[in-house]
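Heads up, the thing below is written out as structure tokens.
All of these numbers come straight from a predicted model, not from anything done at the bench.
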Amino acid sequence: QVQLVESGGELVQAGGSLRLSCAASGRTFSSYTMGWFRQAPGKERTFVAAITWSANTDYAESVKGRFTISRDNAKNTVYLQMNSLKPEDRAVYYCAALRRGNAYYPNNYDYWGQGTQVTVSS
């Protein structure tokens, strides 16, 4: 069992930065691929970024070059550094833990956090 708690979401101006954190419980955190997804009002939950246990990363095209995912296995925490934020980045951001499968698809993930709201003003 893994429990995930996100934090760091807030209101920020376009062009600004935020760092989201996701704290995980459980001794097997390091064995999971960790992903960040986001869901805007009235839209589906979409992939943002993922990081494997060995720190290989992947990003959605819309955030490449602006967002960075990282993890600290000693702290059981995964981060999402978001720079050059745009109004279209506004969404609830979720972290999730994946045991196996394609990291792009939310249905493959085993555990989810409750989400944190990111609002970007223009």
For [X] versus [Y], what's the shortest heavy-atom pair and its separation?
X	Y	result
Val120	Arg90	N-CB, 4.2 Å
Val118	Gly9	CG2-CA, 4.0 Å
Thr77	Ser21	CG2-CB, 4.4 Å
Leu85	Met82	CD2-CB, 3.9 Å
Ser122	Ala14	CA-CB, 4.3 Å
Trp36	Ile69	CD1-CD1, 3.5 Å

[X]: which residues meet the side chain to side chain donor-acceptor pair (under 3.5 Å) condition with it, sequence neighbours left out?
X	value
Asp110	none
Ser84	none
Lys64	Glu61
Ser25	none

Within one Ile-Leu-Val-Met-Phe-Trp-Tyr cluster: [X] and [Y], side-chain cutoff 4.5 Å:
X	Y	answer
Val12	Leu20	yes
Val92	Leu11	no
Tyr94	Val63	no

| Is there any salt bridge (charged side-chain N to carboxylate O under 4.0 Å, His left out) pair reaching into residues 5-14, and which pairs are they, with sequence neighbours excluded? | none
| task | Sort and list the pairs that fulfil salt bridge (charged side-chain N to carboxylate O under 4.0 Å, His left out) and have at least one residue in residues 65-88, not counting sequence neighbours. | result | Arg66-Asp89
| query | Hey, does Asn83 have a side-chain heavy atom less than 4.5 Å from the side chain of Ser17? | reply | yes
Atom [atom1] of [X] and atom [atom2] of [Y]: how far apart are they, to the nearest 0.5 Å?
X	Y	atom1	atom2	result
Asn107	Arg45	CG	CZ	10.0 Å
Thr33	Ile51	OG1	CD1	9.0 Å
Gln114	Cys95	CD	SG	8.0 Å

| task | Any disulfide (SG to SG under 2.5 Å) involving residues 31-66? Give me the pairs, sequence neighbours left out, ordered by first then second residue. | result |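 Of all non-adjacent pairs touching residues 31-66, none passes disulfide (SG to SG under 2.5 Å).
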| task | Keeping the roles fixed (side chain from Tyr109, backbone from Met34), state whether a donor-acceptor pair exists under 3.5 Å. | result | no
| said: Can you pull out every ring pair (Phe, Tyr, Trp, His ring centres under 6.0 Å) where at least one residue sits in residues 39-77? Sequence neighbours excluded, please. | reply: Phe37-Phe47, Phe47-Tyr104
Could you tell me which residues satisfy side chain to side chain contact (heavy atoms under 4.5 Å, CB included) with [X], sequence neighbours excluded, listed by chain and number?
X	result
Ser54	Thr52, Asn56
Thr46	Arg38
Val2	Leu4, Ala24, Thr28, Tyr32, Tyr111
Ser30	Asn73

| Is it the case that more than 12 heavy atoms not belonging to Gln3 sit under 6.0 Å from its CD atom? |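 No, CD of Gln3 has 12 or fewer neighbouring heavy atoms, counting only those of other groups under 6.0 Å.
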| query | Any side-chain donor-acceptor pair under 3.5 Å between Arg99 and Ser31? | reply | yes
